[in-house]
Every structure is written in structure tokens, then in C-alpha cells.
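Read the numbers this way: they start at 1 and go in the same order the structure lists the ligands and their atoms. Reckoned from all heavy atoms, side chains included, excluding hydrogens, waters and symmetry mates.
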Amino acid sequence: MNSTDDWRQRFGGAMMGSYSPPLAMLVRGQGAHVWDIDGKRYLDFLAGIAVNALGHAHPALVDAVSAQVATLAHVSNYFSTPPQLELAERLLRITGAGEGGRVFFCNSGTEGIEAAIKLARLNRGDGSRTRILSLVNSFHGRTTGSLALTGKAALREPFEPLLPGVEHIESTLEALEEAIDDTVAALVVEPIKGEAGVLDLPEGFLERARELTAQHGALLILDEIQTGVGRTGTWFAFQQYDFQPDALVLAKGIAGGVPIGALVTFGWASDLFTPGQHGSTFGGNPLATAAGNAVLGEIERAGLIGNAGRLGERLRTIVAEIGSPLITEIRGQGALIGLGLSAPVAADLAAAALRAGLIVNAPNPSSIRIAPPLIVGETELEEFRLLFTQALEALS
Ligand code: PLP
């Protein structure tokens with residue numbers, strides 16, 4: 001029995017059946033590459049699904065985590081620590097929430113959404129503000145509250161009944177106009193629907209959502225778990241527009257792979273929670289927040305937000321130059337890219353890419369998602385061209 005058969009069997013025998021069998025057993029990473037247990041090298045253009053912003057084993061993250069774990073890894077929420085306050089203040093600065101803003105730390109995206117749902121429940125008005133809106137085809141997480149918001153019936157149905165008061169509306173201006181009134185507590189939106197295949201919203205959608213929620217006293221909560229932290233070419237995708245949300249949910253890229261999530265509130269939304277209404281044992285502990293400071297600090301120091309924009313442009317050019325008839329659409333922004341395919345063969349294409357030594361994924365049958373680390377340069381881009389071309393050729 002070789003090592004591949006061995007770990008597959010062990011996985012099947014030990015891990016909960018909630019995941020499909022894994023694609024490979026990865027043992028090591030460096031920069032934009034990872035290696036499997038058999039020594040095969042892969043170019044990682046998925047980055048843990050938009051998490052490993054600095055790539056793998058980046059010295060800034062390694063040093064910060066090593067130093068913090070050797071100093072103070074965890075304290076209870078009866079106490080604060082310097083890295084926690086530093087990260088909260090940093091998030092208020094880079095989101096633009098500023099002095100009127102506040103940060104709640106948790107450990108994952110779905111927990112950030114749970115905190116946002118509780119925020120929405122606190123926006124009750126005279127008691128009639130009970131509805132929470134999200135979009136058809138959205139993804140907000142797998143815990144029961146965020147699953148209720150997730151706009152994919154197939155994911156929700158096995159676990160119903162879920163949270164009452166949630167409605168999924170179409171991503172159209174008409175649907176916004178029709179749904180938003182004084183009974184809406186919050187509208188929760190991804191600026192780009194990542195899990196749905198990197199789908200952009202229609203022109204003017206977010207701006208109109210902002211106007212209507214403000215007009216009716218509803219919170220506009222942006223789920224930037226996938227689009228945030230530099231990936232789309234600005235710190236946060238909403239910063240490409242001329243407005244602020246009431247709340248922002250972040251996770252994935254903040255700490256480069258160390259689990260963390262955050263709910264950032266703006267303005268009046270910052271006054272909704274009172275002491276004792278929410279909490280988390282691990283959320284905001286010094287280890288995770290030191291990792292967050294290291295990652296966000298390095299993104300700033302190395303100009304990686306600008307790089308996300310540049311490498312996104314280069315990737316779009318390379319895909320266009322490859323010129324496969326299978327690829328009919330290039331979606332997304334910056335270094336979050338969705339390729340629309342003319343046939344439902346995305347899983348086969350991702351598998352062919354993996355065989356060629358390239359990691360991308362197939363969020364749905366006719367879309368490929370590309371989300372490389374933000375550190376990627378010309379050498380890795382040319383390697384992508386070669387490997388992706390091989391994968392496309394293998395498929396045809
Ligand atoms: N929201 C969005 C937009 C996501 O992409 C994800 C994860 O893919 C989540 C929420 C859930 O985050 P987590 O898996 O950290 O709970």
C-alpha cells in the first residue's frame with residue numbers, strides 16, 4: 001500500500017462524512033507553492049480559498065506567531081492584550097470606520113455572520129423590524145444562523161427549520177425596491193458572490209442597497225469574508241464605491257490562516273451591543289490578533305493591495321491569451337477571479353489542473369475560481385499560464 005492509499009483510508013475511517021474525499025494530502029508550503037505527501041509540487045492559486053494572502057510560511061507571519069505563542073497565547077475576555085487593541089484599531093483605520101466604529105473578534109467567517117445576525121436582531125425599532133434579507137445564491141456560512149441567510153436551498157433544506165424572519169431576494173434593483181421597507185432590520189450582501197462562482201452584482205446594486213437601507217433604518221451588512229483584506233485591489237471591495245456600510249464581516253485573509261473573524265461596525269450600529277450580549281472564548285486572543293497584525297502590516301508594507309490589482313489584470317490577460325473556447329467569461333475583481341465555462345466541466349478542469357500541478361477550484365459545474373496569494377509575481381504567473389494551458393489541453 002503506498003502512502004496515498006494509506007491516508008485516504010485513514011481519512012475515511014477517522015473524519016466526519018461532511019466532506020468529500022480530499023484531493024491530496026498536503027504536508028508543506030512555501031510562498032505560492034505546496035507539496036503533497038508524495039513530494040509532488042503544486043502552484044497554489046486558491047490560497048486556502050482566499051486565506052493565505054501572504055502565501056505559505058511567510059516569515060512575517062511565522063515570526064509574529066512564534067514570538068506571540070512564546071509570550072502570551074491566550075487570555076480570557078476578562079482581559080485585553082496589546083495585539084488585540086492594535087488589530088481592532090488597525091481594522092477601524094483600514095475600513096474607514098474610524099472613531100465611531102467598533103470591532104468584535106471571533107474565529108471564523110460564519111461566527112462573524114452570527115454576530116451580525118445578533119446585531120440585526122438588536123435593530124428592532126418599535127418591535128416590527130424583524131426581517132433579515134439576503135440574496136439568492138449567496139453564501140454566508142454553515143452554522144445555523146448564517147446557513148439561514150445562505151441563498152442556496154440545497155444547503156439549507158436538510159437542516160430546516162432554521163432561523164425565522166430571513167428572506168432571500170434576487171440580486172436586482174427591482175427586488176431591492178420591493179423588499180426594503182421599515183420592517184427590515186438588515187440586508188446582508190456579498191459584494192461579489194464568491195461561492196456562487198465569483199458572480200459580480202449588477203451595476204448600481206450596492207449603491208441602491210445603501211440608499212434604501214439608510215432611508216428605512218435597516219442595517220447594510222457587507223459580507224467581505226472572501227472579498228476583503230486587499231483581494232479585490234482595495235482593502236475592502238466596498239471602498240470602490242462612495243459609501244460606507246453599517247457593518248462589515250471579515251475573516252479568511254485577516255490572519256493568513258490563523259483562525260480569526262471580525263464584525264466591524266460603523267456609526268450608530270456601534271451602539272447596539274451592550275455588555276454581556278455576545279462573546280467568544282477564543283475570539284480576539286493575543287495569538288490570533290498578533291497574526292492579524294503581522295499579515296495586515298505586511299500587506300501594507302509590501303504594497304500587496306496594489307499587487308492584487310496588478311496580478312488580477314495579468315491573470316485576465318493570460319487567460320485571454322490562452323484563448324480557450326471553453327472559457328466564455330472572466331468575472332470578479334483584482335485577485336478574485338471567476339471563469340465562466342461554456343460547458344459544465346469545471347470539476348474535470350480543476351482535476352486536470354491538479355494533475356498538472358495547479359490548484360484552482362470549481363465552485364459550481366460551469367465556473368473555475370482563481371484566488372492566488374497576493375504575493376504572486378511574474379514567475380508564478382508564467383507557471384500558471386503553462387499549467388493551466390496543460391490542464392485545458394488535457395481536457396480537450
Ligand atoms: N461568507 C462568505 C462570503 C464566505 O466565502 C465564507 C466561506 O467561504 C463564509 C461566509 C463562511 O466562512 P467560514 O468558512 O470561515 O465560516
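The two residues F266 and T95 have their closest heavy-atom pair at CE2-O, 3.7 Å.
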If you look only at distance, which donor and acceptor atoms sit under 3.5 Å apart when one is on a side chain in residues 302-310 and the other is two or more places apart or in another chain?
residue: N307; atom: ND2; partner: L374; partner atom: O; Å: 2.7
residue: N307; atom: ND2; partner: V376; partner atom: O; Å: 3.0

Mind listing the side-chain donor-acceptor pairs of residues 198-210 below 3.5 Å, one per line with the distance, residues two or more places apart or on another chain?
residue: D200; atom: OD1; partner: G332; partner atom: N; Å: 3.4
residue: D200; atom: OD2; partner: G332; partner atom: N; Å: 3.2
residue: R208; atom: NE; partner: E177; partner atom: OE2; Å: 2.6
residue: R208; atom: NH1; partner: E211; partner atom: OE1; Å: 2.6
residue: R208; atom: NH2; partner: E177; partner atom: OE1; Å: 3.2
residue: R208; atom: NH2; partner: E177; partner atom: OE2; Å: 3.3
residue: R210; atom: NH1; partner: Q244; partner atom: O; Å: 2.9
residue: R210; atom: NH1; partner: D246; partner atom: OD1; Å: 3.3
residue: R210; atom: NH1; partner: D246; partner atom: OD2; Å: 3.3
residue: R210; atom: NH2; partner: T213; partner atom: OG1; Å: 3.2
residue: R210; atom: NH2; partner: D246; partner atom: OD2; Å: 2.8

Show me, pair by pair, the donor-acceptor contacts under 3.5 angstrom made by side chains of residues 100-107, not counting sequence neighbours?
residue: R102; atom: NH1; partner: E99; partner atom: O; Å: 3.1
residue: N107; atom: OD1; partner: G283; partner atom: N; Å: 3.4
residue: N107; atom: ND2; partner: E111; partner atom: OE1; Å: 3.0
residue: N107; atom: ND2; partner: E111; partner atom: OE2; Å: 3.4
residue: N107; atom: ND2; partner: S280; partner atom: OG; Å: 3.3

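Clustering ILVMFWY residues whenever any of their side-chain heavy atoms sit less than 4.5 angstrom apart, transitively, puts F282 in a cluster other than the one holding L85.
Within 4.0 Å of ligand 1, the residues that place a heavy atom are S108, G109, T110, F139, H140, G141, E190, E195, D223, I225, Q226, K252, listed by chain and number.
A salt bridge links E195 with R369: at least one charged nitrogen is closer than 4.0 Å to a carboxylate oxygen.
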